[in-house]
Amino acid sequence: MSRRVRLWLVAVGGAGLAALLTAAALDLPAFGGAHHPYGDRAVHASLARHTANVIASVNFDQRAFDTLGEMTILFAAVIGCGILLRRTPDEHRASLAPAAVARPVRRYALLVLPVALLTGLYVIAHGQLSPGGGFQGGVVAATSLHLLYLGADYRALERVRPVDLYETGDAIATSAYVVTGLAGLIGGSAFLANTLLPYGTFNTLSSGGTVPLLNAAVGMEVACAVVVLLARFLDQAVEIEEGTGT
């Protein structure tokens, strides 16, 4: 395909997208209006299912199927990066010596690591109650482990993140989300419908029906996926060098 044809395709596609966005914007309710049909329905559904965080209710209840698509995109990205960044026959792993780390950096990184990890787990566990959830908490928990890379060395990081184990955890978490949806079908309801479990007491950890389960599955999937992605990129940047394969 020539450059001219590609530019025409981009121009036509962009014009079509601009037309759709313009039509949608012209049909929006007036700014500052008191009529918010989607918001009112979302809040009502969230309260009816005892989910204090309306955003979590939207993500893991009212549009849980869309969230499954987002999980699948991340899962596919991990697989793609794993394939693209794998060690090739003309590459080998370099022998790394421990790097010198400034004492304040080491002290701060090792002090903050458990705090950051607990914060990520807290955000995941309380996703149905307060702002945050599986996506945000998973990223925080995964990146907290990499403070070892800053505060100690790369070998210390490798010891706490066996990549094969995290790859398995990524697959298990994605499967758990799907299995929860299938359980709804087996129970005589719809796929991912929030009818499988009791809704519990409002504003408690056990509230929200299946929302906490799906939120936890997303948190585990995101945490494992981020660890695997960073591991592949760090391997290429730190250890893998071109040369005779061994």
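Being a predicted model, the structure only gives us computed values, none of them experimental.
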(request) With side chain to side chain contact (heavy atoms under 4.5 Å, CB included) as the test, would you mind laying out the steps for Tyr154 and Asp235 before giving the verdict? (result) CA-CA 10 Å; Tyr154 191 64; Asp235 282 350; 2.3 Å; yes
(request) Go through the steps to decide whether Leu74 and Phe135 satisfy the test side chain to side chain contact (heavy atoms under 4.5 Å, CB included), and finish with yes or no. (result) CA-CA 11 Å; Leu74 180 58; Phe135 286 101; 5.5 Å; no
(request) Tell me, with the steps shown, if Leu145 and Val227 meet side chain to side chain contact (heavy atoms under 4.5 Å, CB included). (result) CA-CA 8 Å; Leu145 298 179; Val227 168; 4.2 Å; yes
(request) Report the C-alpha distance between Leu197 and Leu213 in whole Å, list the side-chain angles of each, state the deciding distance to 0.1 Å, and finish with yes or no for side chain to side chain contact (heavy atoms under 4.5 Å, CB included). (result) CA-CA 10 Å; Leu197 298 175; Leu213 296 181; 3.4 Å; yes
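By the 4.5 Å heavy-atom criterion applied to side chains, Leu205 and Gln128 are counted as neighbours. Inter-residue side-chain proximity for Tyr38 and Val58 is flagged as met; some heavy-atom pair is nearer than 4.5 Å. At least one side-chain heavy atom of Phe191 sits under 4.5 Å from a side-chain heavy atom of Leu68. Arg3 has its side chain within reach of Leu7: a pair of non-hydrogen atoms, C-beta onward, lies under 4.5 Å apart.
Tracing side-chain contacts under 4.5 Å through hydrophobic residues (I, L, V, M, F, W, Y), one never reaches Val218 starting from Leu117; they form parts of separate clusters. Val179 and Tyr177 end up in different hydrophobic clusters when Ile, Leu, Val, Met, Phe, Trp and Tyr side chains are linked at under 4.5 Å. Note on Ile124 and Leu214: separate hydrophobic clusters, where clusters join Ile, Leu, Val, Met, Phe, Trp and Tyr whose side-chain heavy atoms are under 4.5 Å apart, directly or indirectly. Both Phe65 and Val211 belong to a single network of hydrophobic side chains, linked directly or stepwise wherever heavy atoms of I, L, V, M, F, W or Y lie under 4.5 Å apart. The same ILVMFWY cluster, assembled from side-chain heavy atoms under 4.5 Å apart, contains both Tyr108 and Leu147.
The distance from the CG atom of Leu9 to the CZ atom of Arg4 is 12.5 Å, given to the nearest 0.5 Å. Rounded to the nearest 0.5 angstrom, Thr210 OG1 and Phe60 CZ are separated by 10.5 Å. Taken from CE in Met220 to CG in Leu121, the straight-line distance is 12.0 Å, to the nearest 0.5 Å. To the nearest 0.5 angstrom, Phe202 atom CZ is 6.5 Å from Ser46 atom OG. In this structure, the separation between CD on Glu167 and CZ on Phe75 is 9.5 Å, given to the nearest 0.5 Å. Note that the CD atom of Glu158 and the CG atom of Leu148 stand 11.5 Å from one another [nearest 0.5 Å].
The backbone N or O of Gly127 sits less than 3.5 Å from a side-chain atom of Asn53, completing a donor-acceptor pair. A donor-acceptor pair under 3.5 Å is absent between the side-chain atoms of Tyr199 and the main chain of Leu47, judged by distance alone. A distance-only check finds no donor-acceptor pair linking the side chain of Ser206 to the backbone of Gly200 [under 3.5 Å].
More than 12 non-hydrogen atoms from other residues, nucleotides or ligands lie less than 6.0 angstrom from CG of Asp40.
The nearest pair of heavy atoms linking Tyr166 to Cys224 is O-CB, 3.3 Å. Listed here is the closest heavy atom pair of Val228 and Val78: CG1-CG1, 3.7 Å. Minimum heavy-atom separation, Leu229 to Ala77: CD2-O, 4.1 Å. In this structure, Ser144 and Leu113 approach most closely via the heavy-atom pair O-CG, 3.4 Å. Shortest non-hydrogen contact noted between Thr119 and Val115 is OG1-O, 2.7 Å. Contact between Ser207 and Thr201 at its shortest, heavy atoms only, is CB-O, 3.0 Å.
Listed by chain and residue number, Asp66, Glu70 satisfy the salt bridge (charged side-chain N to carboxylate O under 4.0 Å, His left out) test with Arg63 (two or more places apart in sequence, or in another chain).
With no hydrogens or angles considered, no side-chain donor-acceptor pair links Thr51 and Ser57 at under 3.5 Å.
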